[in-house]
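Encoded as structure tokens, the structure appears first; notes follow it.
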2 protein chains.
Amino acid sequence: MGRRRPGTPTLEEVAAHARVGRGTVSRVINNAAGVKDSTRRAVQQAIEELGYVPNLAARSLAGRRADAVALVMTEPDWRQFAEPFFSEIVSSLGNALTDTGMQLLLTLVRSDTERQRFLEYARGGRVDGVLLMSVHAGDPLPDMLADARLPTVLLGRRSGEEYVSYVDADNIGGARSAVSHLAQRGRRVIATITGPLDLYAAQCRLRGYEEALKLAGLKGEPTLVAESDFTTDSGRRAMAELLERHPDIDGVLAASDTTAAGALEALRAAGRRVPEDVAVIGFDDFPLAQQTEPRLTTVRQPIEEIGRAMIRLLLEEMEEGAVAWRHVILRTELVVRDST
Amino acid sequence: MGRRRPGTPTLEEVAAHARVGRGTVSRVINNAAGVKDSTRRAVQQAIEELGYVPNLAARSLAGRRADAVALVMTEPDWRQFAEPFFSEIVSSLGNALTDTGMQLLLTLVRSDTERQRFLEYARGGRVDGVLLMSVHAGDPLPDMLADARLPTVLLGRRSGEEYVSYVDADNIGGARSAVSHLAQRGRRVIATITGPLDLYAAQCRLRGYEEALKLAGLKGEPTLVAESDFTTDSGRRAMAELLERHPDIDGVLAASDTTAAGALEALRAAGRRVPEDVAVIGFDDFPLAQQTEPRLTTVRQPIEEIGRAMIRLLLEEMEEGAVAWRHVILRTELVVRDST
DNA sequence: CTCACGGACGGGAGCGCTCCCAATCCTTGG
DNA sequence: CCAAGGATTGGGAGCGCTCCCGTCCGTGAG
């Protein structure tokens, strides 16, 4: 396959055109110090005139870096692709990356073939580091990346025993404070709609729910727990199911705002008033949470900070060569609105 | 910044270890012909033992290709990120790319800075070609890419006068056949919920709607047209608005299945039966269309084929160096279900 | 006027791979 | 048994850039 692009001018040609040496042009391009102002201008003009664009492959080869990081989504995430969480995270990563000059590359890993290809890509040095979206329990990719000594940061963790670097929110604490809040408002039959339980984050939120029930001296029953997959639809279904099992429910913690939105619909359909009959709390604090009727009380995840923290950890690992793992757990915050 | 990864073995070292020449190892890696079987095995073993991974920067520099293509989403698309269309397209592109050995890289361009950075990335030779998601009217990126002589293929076009290569569905024909179908079933007051009209595709669907009305001898009124942004919510709102303006509406063409789903909700809320009182047609034929109540009659876009066609065009341009523009318009198909 | 010193600048030495031609090795046919 | 011809193989010549060291020039002190 002949994929060559037509002859772009090279550094050398720019140098000749500006009547300076190769090194000087390189210095100008990377705006390093130690170039007289007049020279710099001359070089810049030559670059302009020739329409020079640095060849990144050559730079990468000589400089031993790629100036790019990958954000990988593995198959199970893919179904969450449509959820706001995803686009919010991508945005925050993009923001955090802007002044490093690195490109953010999203890649999809849906099969073994694709995983293999991505590994070759990453190990081949096309990215300096890898960010992984919410990894699921058995995902082998993080370890493969760690084995390849590629700087890697997970969003969330696969279990309590995670060694690869990660940034996570305090899901247990968030869920606990939400449920405590419900209990304080006098709710006595509190149900929860969890996320997919192969996600550690979903497990943690469930644990926080259980802990808070115990603390409040309320009884927890398995029938008060329904699983969803974070979609509005599954939230609606789960809520309907819960209502059928426990018509006396007066409080619900949903695993995400999207799920909570579905729960609200189901409650409305069942003729329950929110918050009078049933109080509802979401999780995440997406913009969505302020558009529901009533506006949603929810547990805020600091998404912007999560993105910043991930990039910071990644840069640190790149700096020192992935010799240590760092874990950051960010505090969550209960945002009280009209649904409780 | 020191982003160097620890010393991976090089081709040369593999060659030494297998007691062959550099060229032979290269041949084995790229599994080119002309290597004795015994030699090939020896080399493969050496690769295995040393854990060799080819350095892609070097390959890229020497081979003048990147073995990667970018899929760019510009800001206005970003809001559609959450729509199923997007993930379906990405999937189909991924499928179409599997046996070319190229990596698919999604990149986000949300600002001028990011556009500039992406251009440097692409012009710097880090990708062999660029795919652009549904471009909006004034988007300058396609032309910038064309100027840089980068193989580029758009999904959809910006106007009827598009020169850059693109793959599009026959939106006019699809809308026309949908509305004709409504007319044949005896509907007389047919409204439409369009997509964002700065998208040419949305304009085309509107045009098809108008043409079909004329053909059926029905009157078209501006008040029968409402604009949406492809979301379920906006579909619901648009439908409510239309019903208010024309309580006698008996047929609706929505700009997408998502919008149609919103319309269905609004109709239900208004106490209209579908299809008895009002017939509804969607556009796209997403899985969603079979989950609504009633199941949606819709205009099918051949997404898998769109993906395949985009990749095919891109490969052709890469092959011959972007000397010609190709346009492919794929036929759409009316899928009749229960909503008409 | 001479000498030391520091800021600018030039260009050699790779980075690790692909391309390609020349050299070498085997076969096969006479 | 020998030569011709195809199958294999080795390795030189880059690809375009960064790194870094040595040179050159101007300046101020002696």
Side-chain angles (χ1 to χ4, degrees), chain A residues 1-43 46-47 50-67 101 120-121 123-126, chain B residues 1-43 46-47 50-67 101 120 123-126 128:
Chain A
M1 258 181 264
R3 286 172 215 155
R4 49 222 62 191
R5 295 213 302 116
T8 330
T10 72
L11 235 205
E12 198 104 31
E13 285 164 16
V14 174
H17 193 267
R19 304 174 179 289
V20 298
R22 204 171 1 92
T24 303
V25 179
S26 174
R27 255 161 256 151
V28 171
I29 290 173
N30 300 294
N31 55 70
V35 181
K36 223 190 311 180
D37 251 20
S38 56
T39 317
R40 185 181 298 272
R41 268 193 300 276
V43 171
I47 290 176
L50 268 48
Y52 169 74
V53 181
N55 177 316
L56 297 184
R59 171 177 291 175
S60 205
L61 178 57
R64 288 126 183 290
R65 66 215 161 75
D67 286 317
E120 271 167 35
Y121 187 83
R123 306 216 310 154
R126 300 294 291 250
Chain B
M1 256 181 268
R3 290 176 211 151
R4 48 223 60 189
R5 297 212 304 117
T8 331
T10 72
L11 235 205
E12 198 106 29
E13 285 164 15
V14 174
H17 194 267
R19 306 173 174 290
V20 297
R22 203 170 1 94
T24 304
V25 178
S26 174
R27 257 160 255 150
V28 171
I29 290 173
N30 300 293
N31 56 73
V35 181
K36 221 190 312 179
D37 252 21
S38 55
T39 317
R40 185 180 297 272
R41 269 193 299 277
V43 172
I47 290 176
L50 267 48
Y52 170 74
V53 181
N55 178 316
L56 297 184
R59 171 176 293 174
S60 206
L61 179 57
R64 290 126 183 289
R65 64 214 161 76
D67 287 317
E120 271 167 36
R123 305 216 310 155
R126 299 293 293 251
D128 297 316

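Below, chains carry the letters A, B, ... as their sequence lines are ordered, and counting in each starts from 1.
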**Request:** Please name the pair of heavy atoms, one in B:Arg22 and one in B:Leu11, separated by the smallest distance, quoted to 0.1 Å.
**Result:** CG-CD1, 3.9 Å

**Message:** Tell me the interatomic distance from B:Arg40, atom CZ, to D:dT9, atom P, rounded to whole angstroms.
**Reply:** 9 Å

**Message:** Walk me through whether A:Val25 and A:Val20 qualify under side-chain contact (heavy atoms from CB on, under 4.5 Å).
**Reply:** CA-CA 7 Å; A:Val25 179; A:Val20 298; 3.7 Å; yes

**Request:** Name the nucleic acid region contacted by A:Ser60, choosing base, sugar-phosphate or nothing; use a 4.0 angstrom heavy-atom cut-off, strictly under.
**Result:** nothing

**Request:** Between B:Ala58 and B:Arg19, just flag the one whose closest nucleotide in DNA chain D comes earlier from the 5' side.
**Result:** B:Arg19

**Prompt:** Which is true for B:Gly23 with a 4.0 Å heavy-atom rule: it touches a base, it touches only sugar-phosphate, or it touches nothing?
**Reply:** base

**Length of the CZ-P vector between A:Arg22 and D:dC20, whole Å** = 15 Å

**Prompt:** How close do B:Val35 and B:Arg27 get, heavy atom to heavy atom, and via which atoms?
**Reply:** CG2-CB, 3.7 Å

**Complete:** Rounded to whole Å, the CD1-C1' distance (B:Ile29 to C:dT18) equals 11 Å

**C:dC17 phosphate, OP1 or OP2, under 4.0 Å from B:Ser26 side-chain N/O** = no

**Prompt:** C:dC9, D:dG16, C:dT18: which one has an atom nearest the side-chain heavy atoms of A:Val35?
**Reply:** C:dC9

**Residue pair B:Ile29 / B:Arg59: nearest heavy atoms and the distance that separates them** = CG2-NH2, 3.4 Å

**Any A:Thr10 side-chain heavy atom under 4.5 Å of A:Asn55 side chain** = no

**Asked** Given atom CZ of A:Arg65 and atom C1' of C:dC15, what is their separation to the nearest angstrom?
**Response** 13 Å

**Fill in**
Tightest non-hydrogen contact, residues A:Val53 and B:Arg123, listed as CG2-NH2, 2.7 Å

**Message:** Distance check needed: C:dC17 C1' versus B:Glu13 CD, whole Å only.
**Reply:** 13 Å

**Item:** Value in whole Å for how far the P atom of D:dA7 lies from CG of B:Asp37
**Value:** 15 Å

**Item:** From D:dC15, C:dG11, C:dC17, nucleotide with atom closest to B:Arg59 side chain
**Value:** C:dC17

**Request:** Could you tell me whether the side chain of A:Arg27 has a donor or acceptor atom within less than 3.5 Å of a complementary atom in the base of C:dG10?
**Result:** yes

**B:Leu61 to A:Ala58 - nearest heavy-atom pair and separation** = CD1-CB, 3.8 Å

**Between P of C:dC15 and CG of B:Leu11, the distance in whole Å** = 13 Å

**Prompt:** Counting side-chain heavy atoms from CB outward, which of C:dG14, C:dG16, D:dT8 is closest to A:Leu61?
**Reply:** C:dG16

**Request:** For the helix from C:dC1-D:dG30 to C:dG30-D:dC1, figure out the bend between the end axes, five pairs an end, and round to 10 degrees.
**Result:** 50°

**Asked** Would you say a side-chain N or O of A:Asn55 is under 4.0 Å from OP1 or OP2 of D:dC15?
**Response** no

**Message:** Using whole Å, what does the distance between atom C1' of nucleotide D:dC17 and atom CG of A:Leu56 come to?
**Reply:** 10 Å

**Asked** Side chain of B:Thr24: nearest nucleotide among D:dC15, D:dT9, C:dC9?
**Response** D:dT9

**Closest approach of A:Ser60 to A:Ala66 (non-hydrogen atoms, all atoms of both residues)** = OG-CA, 3.7 Å

